[in-house]
Every structure is written in C-alpha cells, then in structure tokens.
Number of protein chains: 2
Amino acid sequence: MADVAALAGVSSQTVSRVANNRSNVEEETRRRVLSAMRMLGYRPNTAARALVTGHFRALGLISFGLSSFGNARTVDAVTRAAQRAGYTVNMIAIESQTERAVHEAFDRLTMQAVDGIVLVEAQILDTPALRLPAGVPVVMADGDASHRHPMVDTDQARGARLVTRHLLDLGHETVWHVAGPEDSYAARRRTESWHATLKEAGASVPGVLFGDWSAASGYEAGRALARRPGVTAVFAANDQMALGVMRAMAEAGCRIPQDVSVAGFDDLDESAYLTPPLTTVRQNFDVVAERIVSLMIDQIESRGERSAAAYVVPELIVRQSTAAPPPR
Amino acid sequence: MADVAALAGVSSQTVSRVANNRSNVEEETRRRVLSAMRMLGYRPNTAARALVTGHFRALGLISFGLSSFGNARTVDAVTRAAQRAGYTVNMIAIESQTERAVHEAFDRLTMQAVDGIVLVEAQILDTPALRLPAGVPVVMADGDASHRHPMVDTDQARGARLVTRHLLDLGHETVWHVAGPEDSYAARRRTESWHATLKEAGASVPGVLFGDWSAASGYEAGRALARRPGVTAVFAANDQMALGVMRAMAEAGCRIPQDVSVAGFDDLDESAYLTPPLTTVRQNFDVVAERIVSLMIDQIESRGERSAAAYVVPELIVRQSTAAPPPR
DNA sequence: CGATCACATGTTTACGTGAACATACAGAAG
DNA sequence: CTTCTGTATGTTCACGTAAACATGTGATCG
C-alpha cells in the first residue's frame, strides 16, 4: 500500500480510500491511484483489514457432509446466496453427528475468520446442552424453532401432509412410511405430519421403518415392505430412499405404480427421470438459502440476537410413481 | 491476550508461547496461563496471527457448483482431506464457466485469506490465457496436465476404456456414446478413449451425442438414440446422464439390458439401486482428494512451483444394465 | 471582505499477534 | 569464586490497514 501511495504521489490513506470506494476522492487522484495499483499488482491484505475492522466478510458453514443430496443442494444454495451478498463461505464437514464434533467445528470456525455460522441439518443434539459460544451469530438451516438461534427451513410438515393426502386421495387405505434418521429434525417433522394426516383421515397408522437417507437404507426398508401383504402406498422421507424402495419392489415383482405407489421428498433433478418418474415434494432450496443468508446478515450487522423461524412452502410434484391402488 | 497475561501474571509473549505450544515454558507457568485463558474465554485472533505469520491455514476451492454429483463428491472429499490436514476450506461456486468468472473467483479468494487454491472441474479455458496471478499455490482437480499447475484426476481414459471394452466383449458390434460438455477435460478424455478403444477393436465409430452431465440432457440423447435402429449399447459419460438414457429407452419400449445395454461413469451411491442397477466406472474420489490436498500442502510449505500430474485408477463395476446384445 | 463551510488530502494511531532480541537467573566447569 | 552456558521470561517492534483527527484550499454567504 505504501508503494502504491508513493508511486501515485499520495498518502497511504488516500490509497485506502480508493480501495474502499469512498466518495471523497478527486476523480483524477482516483485514476492515478488505480493505475498505480494495477502497475504494482496491489491487493489489499484481508488479514490486516480484518484486524482493523473486526469483520471478515466470511460465513462459516457446518454440515454433515455432502452425500445427502438435500444437504448438497442446501450447501450449494447457501454458498451462492452468500456470494451474492459479498460473503465467502468457509465450510466444515462433520463426520460423526455428536455434540462434541459440532463444538469442535465451531471452535475451528470462530478461530478461523468468520462473521457468523450456518448450521445445516442440525441433528437433535441435546438442546439445552448445545450451548454454542455466544457472540457469534448463528443461523440454523433445519433445526428446532425453540433454539435460541434463528432458523430457516422448508415447511416439512406441510410437505409430508401433501404427499400423504395425495396418496389417500388416490384411494389407498393407508400409507406406509420410510422415515429418515430418528435424530434429524426434518425427518421427525415429516414423520409426525404423516402420522397426523393419517389420523385425521381416519386411516390406520402402520409402523414406521427407519432409514438413514441413503438409497441403501431405502432398499432394506423396501424389502421388508415387499414381504408384507397389503402394502399399496409408501411415502419415503427423501428421494434417495424412495429410489431404494422402488428397487426392492421391482425385485420382489411388484409393479410401480400398478401394485404399489411410491413417493419421495426433495425433488432432485434426477427424480423426473427415474423409472418410473417419481412423485415427490419439491423443496425450494434456493429460497431457504436466501433467507438464511439474509437473516445471518441482519444478525451480523445489527448484532441483534433475536430469534426467528422462517418456513418455506414446498410443492407437491405428481409424476408416475403414484396411482390408485389395485382392485382387491 | 493482554488480559490473559495480566491475570496469569506473565507477559503477553509467554501467553503467545503457550497458545502456540512452544516447548520452553515451565509447566507451572503453562498451567497458570491455560487456566487464565479458559477463565477469560480467550481465543486467538486469526487475523492478527495471519498478519504476522503470513498464512491462514485455509484453502480456497473454486468449483462449478454442487449439482453435478461428481463435483459434490469431490468437494466433499477435498473438504474432509483438508480438515484432516488442519486446513479449512473456503468455497466459491462459479455460475458461468467463463475465464472471467474464474478470475473473479480467484481474486476474491486471494483477497480472502487463503494459502492456496484448488480448482475443481476446470473447463477448457484457453490455456495460455488462463494466467492465474502468481504467488498463490494452485492445484487442479481434473484439468490438463500441460498446465503450469499440479493436477490430480481419475484416470479417465482408463475408465472409459474399461466400459467400452466391457460392452464390446459382451458381443456388441459397437458402442454409442453420450458425452459430457465439450469444454470439460474429463468429458473430452472419456470420449477420446472411447473412440480409441472402438478403433482398436475394429468397430465402427458412431457419432457422439453431447450432454451437459444432467439427467435431462441424458434423456434427450436417449430419445435420439431410441429412434435410431441398431443401437444396442450406450456408454454415458456419467451416471446422471445414463439415468436419463435409461428413462428414454424405457419410454420408447426398449428393455434394459435385453434390448439395449447402458453404462455410466462415477458410481454414485444410488447407481446400485436404479432399475436396473447400473453398470458403471467407480471413481475413487477420496484418494483423488487426498492427493490434491497433499500436493497443495507441499506447495504451500516448500513454495516449490513444480508441476505434477497424478492419476488415480478407477474400477469397472458390472451390474445389470449391461448384457449381450439381442440376437438379430 | 471576512467568516464559514465543504471537501480533498495528510498524519497519527490502534488493531492482536509472533519474531527478534534482551535480560535474569541457576547450575556447571575451571 | 569466576566464567560460561542454557533456559525461562520480558521488551520492542513490525505486520497492513482503516478510523479519527488535523490540515489546507477554494467557494459561498451575509
């Protein structure tokens, strides 16, 4: 910076002003400084800048890995939204979903230079125990609204209700459910809503099968379901598990949707091209991400620690994997 | 830090020594300092630290988004490998794959605090023109070995050869190919190798259909292929496109694999659960990521700018989407 | 025509840390 | 007892920037 100042014949402060696009610099001076910058290949030093200003224009993001497509989509969308807002994203993937791991990641990120932290797909960690160090703004993507931190999520309950109703309306007596892991908020809410919808409709509520979001776990659940007589409709808590269920059904000689209807949740880009194309609930990851980032920036800029929960409305996408039940 | 020093009754330098685990601190002093740190909730300031030391223990990562599963897996693996090495990952997703966008991302990251940059799925940007600012270590994941920067990738050529040979060995007269985008190195190498393998075998080389890695583009290609008589084997350049091809074939009334064999590339976790389970080439993303990070750290620590290329061997996974051609 | 003002620019300083150097002190060697 | 050596600790300083304050200059207004 000093070199640039010398070359341009101004003080370093003026260089700083130009670098930060302040208004009170004469046009001619600005040009001189800019050309000096270019000539010397000057780039502002973020560390020094952050040391003075106290902020980094960077967000931390903690997730449980990118192998679940829902997560990957969320992370992707958050990254892009953050970028649009002028923030960089510092990512940490947690292996095990323990509270200790979350704290470690947290430590790491706050030591690293971040202005706030986004927690994606928060598992149900013992809520009161998850005392994150104060002072760092946090936004949860998926999680419990009862947390101290703002939270943004798809309206899981509404989505689950949409699919369940759809299947009941097709004439199925009841709907079986392959749930996500028990310690996931999203999974739990989908399950609860499925349950409530069945009850409201006066349908019997079959036992829940649990998976871990993976196609493999869906396959296992599907095999169990295929052995059971009278299963005509299955709602899997995400598209990957739905895929596994469909595979198991196919192997068992059940046709979809003639013999069994299968529906998922997420609407991956691929879901429209499965055989058969999958009926599912579309989550609007981009809107969720947008909200997350804007809540985050509110917090960062105002230091207000107010809690808030925003739910984004999902949409039912009916394709060919669901149909009326076979005549008895 | 000053507060900690005061509380522990030592100088700030001693606190610094404790924070950095230096050896020459008496055990008793160290304990006093540590407890003072805990009491005051002291955390070292990364900005100040970086300002002095000149490094951040952070890597930048530029990718073209997480919607391609191959990319998502790579990013995930790189993040984890970096973490293991004690580095954080600062991610930027590029929208358009232009050289300008790469440069912008680059600027952003170098301004942000990173010690090196990983470029994932580098498109074929005009090589000599892609003059990245010097001084920042760069490793390319996928890319051209002729670049000035070290590069790590799956041995694409070998993988493509494996599938193509597999299909020929099953008795198919030739193999059609749905390629990835023309400006992707990986796609180009898979295509070239498919071409070469056909020629060596004395098979005719049908025209290439181009997709963009998405299932939708695979579906389009599949529809075109289904209209063409005599297509008995298709090699899609990734699993997502293979999925689309299979869908199009199913819609056209072609059975897989009885009428048409379809193979992919990547081996997503889901590919084993498609209907039918997909024959594909498994990329070892974790090994690739490990190499990338270690090459990166070599560069960061030695400042050596030597170029290198590492290829990781892929593996053919035969499932049920490929079989002998139908009798004529 | 002097006071006031707006605006461009310069000077000084603090941000929190670790490197380099300085100091103090204990024990060993002669 | 003196000198030397090694170890624990303290002092000073620089890292590159932006904030706060100071200065200078020309225009505006009563």
Side-chain angles (χ1 to χ4, degrees), chain A residues 1-37 40-58 86 88 107-108 110-115 135-136 300-301, chain B residues 1-37 40-58 86 107-115 133 135-136 301:
Chain A
M1 187 155 124
D3 296 345
V4 173
L7 182 58
V10 297
S11 75
S12 66
Q13 185 54 39
T14 300
V15 176
S16 166
R17 281 191 261 259
V18 172
N20 292 309
N21 253 315
R22 297 308 168 85
S23 54
N24 47 350
V25 178
E26 205 163 345
E27 202 42 51
E28 135 98 48
T29 312
R30 181 187 304 277
R31 272 207 320 277
R32 236 177 33 237
V33 171
L34 284 175
S35 88
M37 281 179 173
L40 270 52
Y42 166 79
R43 12 204 46 204
N45 177 318
T46 314
R49 206 172 245 191
L51 186 57
V52 169
T53 62
H55 56 249
F56 309 84
R57 302 198 69 74
T88 274
D107 277 5
R108 198 128 165 200
T110 48
M111 293 224 333
Q112 209 54 242
V114 291
D115 300 317
V136 186
I300 290 173
E301 284 172 2
Chain B
M1 187 154 126
D3 296 345
V4 173
L7 181 58
V10 297
S11 75
S12 65
Q13 184 53 39
T14 299
V15 176
S16 166
R17 281 191 261 260
V18 171
N20 292 306
N21 254 314
R22 297 308 168 85
S23 55
N24 47 348
V25 179
E26 206 164 344
E27 203 42 52
E28 134 97 49
T29 312
R30 180 187 304 276
R31 273 207 320 277
R32 242 184 21 244
V33 171
L34 283 174
S35 88
M37 281 179 173
L40 271 52
Y42 166 79
R43 11 203 47 206
N45 177 316
T46 314
R49 213 172 238 194
L51 186 57
V52 168
T53 63
H55 58 249
F56 310 85
R57 301 198 69 76
D107 276 6
R108 198 127 165 200
L109 281 177
T110 48
M111 293 219 338
Q112 207 54 244
V114 291
D115 300 316
V136 186
E301 284 172 2

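Order of the sequence lines sets the chain letters (A, B, ...), proteins ahead of strands, with each chain counted from 1. Worth knowing before you read on, the calculation uses all heavy atoms, side chains too, and leaves out hydrogens, waters and symmetry mates.
- Counting to the nearest Å, the P atom of C:dA24 and the CG atom of B:N24 are 18 Å from each other.
- Of all non-hydrogen atoms in B:R57 and B:G86, the two that sit nearest each other are NE-O, 3.5 Å.
- Between A:E27 and A:R31 there is no salt bridge, since none of the side-chain N atoms of the basic residue sits less than 4.0 Å from a carboxylate O of the acidic one.
- For the side chain to side chain contact (heavy atoms under 4.5 Å, CB included) with A:V15, the lone residue among A:L34, A:V10, A:L7, A:D3 that qualifies is A:V10.
- Rounding to whole angstrom units, NE2 of residue B:H55 and C1' of D:dC15 are separated by 14 Å.
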Dump every N/O contact between nucleotides 16-18 of chain D and the protein below 3.5 Å, one line per pair.
from   : atom 1 : to    : atom 2 : distance (Å)
D:dT17 : OP1    : A:Y42 : OH     : 2.7
D:dT17 : OP1    : A:N45 : N      : 3.1
D:dA18 : OP1    : A:N20 : OD1    : 3.2
D:dA18 : OP1    : A:N20 : ND2    : 2.9
D:dA18 : OP1    : A:R49 : NE     : 2.7
D:dA18 : OP1    : A:R49 : NH2    : 3.3
D:dA18 : OP2    : A:S16 : OG     : 2.6
D:dA18 : OP2    : A:N20 : ND2    : 3.3
D:dA18 : N7     : A:Q13 : OE1    : 3.4

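- In this structure, the side chain of A:N20 does not engage the main chain of A:R22 through any donor-acceptor pair within 3.5 Å.
- Atom CZ of A:F56 is separated from atom P of C:dG16 by 11 Å (rounded to the nearest Å).
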Can you check side chain to side chain contact (heavy atoms under 4.5 Å, CB included) on B:V114 and B:R108, steps first, answer last?
CA-CA 10 Å; B:V114 291; B:R108 198 127 165 200; over 6 Å; no
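- Of all the heavy atoms in B:V25 and B:T14, the pair that sits closest is CG1-CG2, 4.5 Å.
- Taking atom CZ of residue B:R32 and atom C1' of nucleotide D:dG10, one finds them 14 Å apart after rounding to whole Å.
- Here the C1' atom of nucleotide D:dC15 and the CG atom of A:D3 are 14 Å apart, to the nearest Å.
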